[in-house]
Amino acid sequence: MKRKLLWGLAGLVLAIGAVLLLGRGWLAERAFQRALDTSVGVDQSASLPDGINVYVCGSGSPMPDAARAGPCIGVLAGKQAFVFDAGSGSIRKLMRMGFPMERIQAGFLTHLHSDHIDGLGELLLQAWIGGSRGAPLPVYGPDGTDKVIAAETQLYDIDKGFRIAHHGPQVARPGGFGGTAQVIALPDGTDSQTVYDQGGVRITAIRVIHDPIKPAFGYRVDYKGRSVTLSGDTVYAPALVKAAKDTDLLLHEALNKRMIAALGAKLAERGRGDAAKIMGDIQGYHASPEDAARAANEAGAKALVLYHLVPAPPARLIEPLFLGDATKAYRGPLKLAQDGMMVSIPAGSEDVTFSKAF
């Protein structure tokens with residue numbers, strides 16, 4: 001009896017296994033078709049509220065981190081899309097988030113440190129092909145932006161030819177390749193200036209403090225009474241606080257000096273003197289979490305997100321250590337950015353809501 005029962009169970013297991021094996025291809029096909037139906041060619045921004053929608057496409061720094069791309073923030077204000085900085089790997093994150101490349105109006109650079117521009121070539125290419133552009137993408141930034149854009153255009157010139165030859169000029173429109181530099185030059189004594197004002201969207205460049213890198217900018221985006229302000233790389237900067245007055249969302253960079261000093265000490269202990277010196281140098285031109293919280297508090301920001309995290313906490317357990325006393329300096333909603341984070345700031349509302357695109 002027992003033997004028959006065992007043979008019966010074995011037969012049942014084999015039968016189930018055969019069904020699963022034979023059905024695996026069918027299940028895979030169903031999953032693939034579902035992905036096609038729900039994602040491909042679908043405007044994933046269509047369901048977002050009118051207002052300002054923020055895409056965190058890069059929350060990291062030059063420090064290696066598999067989960068975080070280099071600094072990048074996408075902003076959809078109404079139907080107009082903008083990208084602020086383009087760190088390594090960030091543009092693929094941005095597209096994974098469903099950012100509407102076909103609506104991109106301009107790119108903005110906070111400064112010309114490599115970690116903020118090493119994905120710029122991909123932004124220009126995706127704006128061209130993914131966005132079906134017929135004219136180069138305007139890119140706003142500090143003095144030297146023209147040299148960077150010229151170099152990127154030359155770098156990808158061979159690739160441009162390949163793509164036009166392969167896809168044809170009706171798809172890879174020759175006139176849409178590359179970018180046009182819009183160099184921002186704030187007059188001496190001027191801390192902020194409107195640099196874009198079209199279709200109800202106003203973007204203000206703000207002088208920040210990232211010495212010896214000069215100039216360096218933060219930006220504020222205003223649309224239908226709502227706003228988001230980005231610090232770029234800076235220490236605590238009074239001009240940023242002033243320009244960010246009553247902003248709905250402040251995205252502020254943050255470096256934990258205690259943690260970086262510990263990294264430097266360990267590098268020195270292990271004979272990595274040059275790397276240890278860099279850990280000491282970078283403490284002087286970045287804001288601490290407490291500095292960012294102070295800026296948000298003084299500006300009256302409704303919410304604060306820390307991005308460009310140095311060093312980014314590798315686990316939630318370490319996040320309080322990174323934040324330090326920031327939550328004492330700012331009592332509003334305070335979050336550490338993650339790649340894929342989205343923030344919606346609807347027009348005609350006081351809401352600031354957070355979600356994840358992936």
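None of these values were measured; they are calculated from a predicted model. Heavy-atom basis, side chains included; hydrogens, waters and symmetry copies ignored.
The disulfide bond (SG atoms under 2.5 Å apart) contacts involving residues 203-259 comprise nothing, where partners must be two or more places apart or lie in separate chains. Sorted by first and then second residue, the disulfide bond (SG atoms under 2.5 Å apart) pairs with a member in residues 177-295 form an empty list; sequence neighbours excluded.
Partner of Glu253 under the side chain to side chain donor-acceptor pair (under 3.5 Å) criterion, chosen from His308, His286, His210: His286.
Not counting sequence neighbours, the partners of Lys79 by the side-chain contact (heavy atoms from CB on, under 4.5 Å) test are Arg103. The side chain to side chain donor-acceptor pair (under 3.5 Å) test applied to Asp197 returns no partner, not counting sequence neighbours. Applying the side chain to side chain donor-acceptor pair (under 3.5 Å) test to Arg258 and every residue at least two apart in sequence or in another chain returns nothing.
A heavy-atom distance below 4.5 Å is not found between the side chains of Asp248 and Ile52. Looking at heavy atoms from C-beta onward, Ser45 lies in side-chain contact with Tyr55 at the 4.5 angstrom threshold. Two residues are said to be in side-chain contact when any heavy atoms from C-beta on lie closer than 4.5 Å; Met63 and Ile260 meet this criterion. In this structure the side chain of Ile345 reaches within 4.5 angstrom of the side chain of Leu249, judged on heavy atoms. Contact of the Ile184 side chain with the Leu186 side chain is registered, since non-hydrogen atoms from C-beta on lie closer than 4.5 Å. The closest side-chain heavy-atom distance from Tyr307 to Met341 is not below 4.5 Å. Using a 4.5 Å cut-off on side-chain heavy atoms (C-beta onward), Asp233 and Val208 make no contact.
No single ILVMFWY cluster, assembled from side-chain heavy atoms under 4.5 Å apart, contains both Leu137 and Tyr196.
Side-chain N or O atoms of Arg220 include none that pairs as donor or acceptor with a backbone N or O of Leu240 at under 3.5 Å. A side-chain donor-acceptor contact under 3.5 Å links Thr234 to the backbone of Ile209.
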Side chains of residues 349-358: which donor-acceptor pairs under 3.5 Å do they make with residues two or more places apart or in other chains?
residue: Ser349; atom: OG; partner: Asp351; partner atom: N; Å: 2.9
residue: Ser349; atom: OG; partner: Asp351; partner atom: OD2; Å: 3.3

Which is it for Asp191 and Lys242 under the salt bridge (charged side-chain N to carboxylate O under 4.0 Å, His left out) test, yes or no, and what are the steps along the way? CA-CA 9 Å; Asp191 288 332; Lys242 181 179 179 182; 5.9 Å; no

Do Arg68 and Asp339 pass the salt bridge (charged side-chain N to carboxylate O under 4.0 Å, His left out) test, and can you show the C-alpha distance, the side-chain angles, and the key distance before you say yes or no? CA-CA 6 Å; Arg68 298 178 186 273; Asp339 289 13; 5.1 Å; no

Residue pair Arg294, Glu298: steps toward the salt bridge (charged side-chain N to carboxylate O under 4.0 Å, His left out) verdict: CA-CA 6 Å; Arg294 174 187 168 200; Glu298 293 179 1; 3.2 Å; yes

Start with the C-alpha distance between Asp159 and Arg163, add both sets of side-chain angles, then the distance that settles salt bridge (charged side-chain N to carboxylate O under 4.0 Å, His left out), and finish with yes or no. CA-CA 6 Å; Asp159 181 78; Arg163 294 182 186 278; 2.6 Å; yes

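Phe82 and Phe84 have tilted rings, their planes meeting at an angle from 30° to 60° on a 0 to 90° scale. Using cut-offs of 30° and 60° on the angle between ring planes, the pair Tyr140 and Phe108 is parallel.
Within a 6.0 Å radius of CD in Glu269, more than 12 heavy atoms belonging to other residues, nucleotides or ligands are found. Heavy atoms of other residues, nucleotides or ligands lying less than 6.0 angstrom from CG of Asp43 number more than 12. Within a 6.0 Å radius of CG in Asp274, other residues, nucleotides and ligands contribute 12 heavy atoms or fewer.
Atom OG of Ser61 is separated from atom CG of Leu255 by 8.5 Å, given to the nearest 0.5 angstrom.
Of all heavy-atom pairs between Phe322 and Ala254, the closest is CZ-O, 3.7 Å.
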